[in-house]
Student: 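Before I ask anything, here is the structure I am working with.
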Number of protein chains: 2
Amino acid sequence: ALELRDVVKEYPGQPPVRALDDVSLRIEHGELVAVVGPSGSGKSTLLNVMGTLDRPTAGVVEVDGVDTARMPDDAVAGVRARRIGFVFQQFFLLPGMSAVDNVANGLLYQGVRPAERRRRSIEALERVGLGHRIEHPPNHLSGGERQRVAVARALVHRPAFVLADEPTGNLDSKSTDAVMRLIGDLHDDGTTIVVITHDTAIAASLPRQVTVFDGRLQHDSGTPR
Amino acid sequence: ALELRDVVKEYPGQPPVRALDDVSLRIEHGELVAVVGPSGSGKSTLLNVMGTLDRPTAGVVEVDGVDTARMPDDAVAGVRARRIGFVFQQFFLLPGMSAVDNVANGLLYQGVRPAERRRRSIEALERVGLGHRIEHPPNHLSGGERQRVAVARALVHRPAFVLADEPTGNLDSKSTDAVMRLIGDLHDDGTTIVVITHDTAIAASLPRQVTVFDGRLQHDSGTPR
Ligand SMILES: Nc1ncnc2c1ncn2[C@@H]1O[C@H](COP(=O)(O)OP(=O)(O)OP(=O)(O)O)[C@@H](O)[C@H]1O
Ligand SMILES: Nc1ncnc2c1ncn2[C@@H]1O[C@H](COP(=O)(O)OP(=O)(O)OP(=O)(O)O)[C@@H](O)[C@H]1O
Ligand SMILES: [Mg+2]
Ligand SMILES: [Mg+2]
């Protein structure tokens with residue numbers, strides 16, 4: 001499970017910004033959850049804290065019972081690299097590297113040999129409709145193509161947890177369907193997936209919806225038990 | 001009017017990518033046009049060529065009868081700075097500068113004094129719901145907040161032409177409505193506006209829709225005359 005208890009995330013400022021305000025949330029293995037809420041409400045902050053990219057100001061963040069909020073950085077980084085795949089709201093692809101090499105980076109810490117990394121990366125790109133763009137670097141790709149490369153990179157090492165921040169925001173309906181089908185397939189294989197989305201149709205199609213408002217969990221359609 | 005005649009945009013490669021393939025399009029003053037089409041179909045390339053950010057490989061690009069495709073770079077830059085406001089698909093805000101200063105940059109070449117630049121920039125940010133974030137730099141803003149700063153910056157100098165590339169892709173419904181209302185108000189004041197969008201509801205709400213497919217104009221719901 002991925003669990004947050006009484007989590008606060010506050011940024012300094014005049015006045016300070018309380019991006020997460022006493023949040024408690026438990027996500028069981030194998031769940032598929034939508035996170036929705038207004039712009040600026042705290043969704044990305046929630047995902048970053050869940051994925052151990054950001055430390056909370058207060059509260060507990062447990063990944064399978066291990067309290068990551070109190071672990072040293074390198075230990076946290078190890079947990080994260082092995083078990084969590086992140087699709088970022090602003091992609092962060094490596095410029096100057098081809099799409100296939102960008103995706104293969106997602107396999108670098110998994111002990112996978114180069115030929116196999118390339119094979120699996122090409123397969124991941126084909127699944128998001130980019131088999132014809134594998135050698136293009138990000139600056140030779142459209143916005144939606146870059147987004148799909150970011151999706152492929154996050155998923156290629158088959159992490160236990162996938163945290164996706166607006167994975168279809170730049171996509172047309174055909175590419176959106178391809179990405180959501182890929183997410184659905186991973187979920188069928190047992191992956192735990194959290195998707196931030198502004199697309200109400202996508203949110204409604206997932207088994208559980210969590211609503212964020214002003215840094216608080218305003219609504220949670222509920223866990224399966 | 002903004003007019004493209006027989007425009008080709010080809011990128012080198014194995015094989016070369018024909019991002020625009022013999023495109024002709026005329027947009028009259030005061031029009032409000034949606035550009036739709038699949039991811040990778042050529043929409044951003046079309047907008048960049050229309051907005052003189054990219055030179056075509058072949059063909060003519062006329063802004064009010066002036067052939068910009070054959071003008072020297074500095075002359076083109078002058079036309080563009082005075083007359084065109086761009087909302088980019090990937091924002092390009094200046095890091096380390098507050099939201100209000102980022103927006104005020106949109107007024108630097110208009111001979112507007114600093115106090116007036118600040119006043120108008122605050123007003124622009126309030127219109128997109130960011131009055132409470134004016135001093136935040138981009139890295140202290142959410143994805144949707146950054147997008148709205150980019151919208152405010154593009155519009156603050158009241159350009160004759162606004163070219164918006166997915167201006168609501170990262171926004172919830174409330175912020176999307178605020179941005180589209182702002183676009184509608186500018187249009188009522190006579191601004192010529194072209195909006196690339198994957199949101200079929202937004203596209204349907206505009207007076208004209210142009211569909212791009214594989215670098216060609218597949219459909220054009222038509223000009224008002
Ligand atoms: N510099 C470049 N070199 C080679 N190919 C490029 C380059 N820039 C863009 N392309 C290709 O040109 C095609 C059109 O790109 P464009 O950015 O116009 O698409 P788009 O319709 O805006 O897509 P999206 O909806 O994903 O933003 C894409 O397939 C892209 O891979
Ligand atoms: N480093 C920071 N310093 C101060 N405030 C911040 C910082 N990072 C984020 N914020 C603020 O925290 C709030 C929550 O941000 P967050 O990115 O989680 O929102 P979000 O729900 O993902 O929004 P969007 O839908 O626009 O992506 C925002 O109002 C933002 O301005
Ligand atoms: Mg966000
Ligand atoms: Mg584009």
Side-chain angles (χ1 to χ4, degrees), chain A residues 11-15 17 19 36-48 88-91 93 128-130 132-133 135-149 165-166 168-179 196-201 203 211-213 215, chain B residues 11-15 17 19 36-48 88-91 93 128-130 132-133 135-149 165-166 168-179 196-201 203 211-213 215:
Chain A
Y11 295 110
Q14 308 287 355
V17 176
V36 300
S39 174
S41 58
K43 305 177 299 295
S44 295
T45 306
L46 175 67
L47 215 71
N48 290 346
F88 294 97
Q89 196 166 5
Q90 279 200 293
F91 319 161
L93 299 176
V128 294
L130 288 179
H132 64 311
R133 287 283 182 270
E135 299 298 348
H136 281 234
N139 62 319
H140 292 184
L141 291 173
S142 77
E145 290 169 341
R146 287 175 203 171
Q147 187 161 33
R148 287 181 273 157
V149 174
D165 198 341
E166 307 278 358
T168 64
N170 270 293
L171 302 181
D172 57 312
S173 55
K174 179 169 175 226
S175 308
T176 295
D177 290 347
V179 166
I196 294 175
T197 183
H198 284 304
D199 188 321
T200 47
T211 304
V212 182
F213 190 88
Chain B
Y11 295 110
Q14 306 288 357
V17 175
V36 300
S39 173
S41 59
K43 304 178 298 297
S44 295
T45 306
L46 176 67
L47 215 72
N48 291 347
F88 294 97
Q89 195 167 5
Q90 277 199 292
F91 318 163
L93 298 177
V128 294
L130 288 178
H132 65 311
R133 287 283 182 268
E135 298 299 348
H136 282 235
N139 63 318
H140 291 184
L141 291 173
S142 77
E145 289 168 343
R146 288 174 202 171
Q147 187 161 34
R148 287 182 273 157
V149 174
D165 199 340
E166 307 278 358
T168 65
N170 268 294
L171 302 181
D172 58 310
S173 56
K174 179 168 175 224
S175 308
T176 294
D177 290 347
V179 166
I196 294 176
T197 182
H198 283 304
D199 187 320
T200 47
T211 304
V212 183
F213 190 86

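Just so it is clear: chains get the letters A, B, ... in the order the sequence lines come, proteins before strands, and each one is counted from 1.
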Student: Please look at A:Ser175 and chain B and tell me whether the side chain, the backbone, both or neither of the residue comes under 4.5 angstrom of a heavy atom of that chain.
Tutor: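 Just the side chain, heavy atoms under 4.5 Å.
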Student: Does either side chain, that of B:Asn170 or that of A:Gln89, offer a donor lying less than 3.5 Å from an acceptor on the other one?
Tutor: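 On atom types as modelled, these side chains qualify, holding a pair under 3.5 Å.
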Student: Heavy atoms, side chains only, cut-off 4.5 Å: are B:His198 and A:Leu171 in contact?
Tutor: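 Not touching, per the 4.5 Å side-chain cut-off.
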Student: If you count heavy-atom pairs under 4.5 Å with chain B, which of A:Arg148, A:Gln147, A:Arg133 comes out on top?
Tutor: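 Most heavy-atom pairs under 4.5 Å with chain B: A:Arg148.
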Student: Tell me, with the steps shown, if A:Arg146 and B:Gln90 meet side chain to side chain contact (heavy atoms under 4.5 Å, CB included).
Tutor: CA-CA 11 Å; A:Arg146 287 175 203 171; B:Gln90 277 199 292; 2.4 Å; yes
Student: For B:Glu145, is it the side chain, the backbone, both, or neither that has a heavy atom closer than 4.5 Å to a heavy atom of chain A?
Tutor: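 For B:Glu145, backbone and side chain are both near chain A.
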Student: With a 4.5 angstrom heavy-atom cut-off, which part of A:Val17 approaches chain B: side chain, backbone, both or neither?
Tutor: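 Contact with chain B: side chain only.
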Student: Please classify the contact between A:His140 and chain B as side chain, backbone, both or neither, with a heavy-atom cut-off of under 4.5 Å.
Tutor: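 For A:His140, no heavy atom lies under 4.5 Å from chain B.
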Student: Could you state the interatomic distance from OG (A:Ser142) to CG (B:Asp165), rounded to the nearest 0.5 Å?
Tutor: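 The OG atom of A:Ser142 sits 9.5 Å away from the CG atom of B:Asp165.
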Student: Rounded to the nearest 0.5 Å, what separation is found between the CG atom of A:Asp199 and the CG atom of B:Asp199?
Tutor: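 The CG atom of B:Asp199 is 9.0 Å from CG of A:Asp199, to the nearest 0.5 Å.
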Student: Which answer fits A:Ser39, side chain, backbone, both or neither, if we ask what part of it has an atom under 4.5 Å from a heavy atom of chain B?
Tutor: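 Both backbone and side chain.
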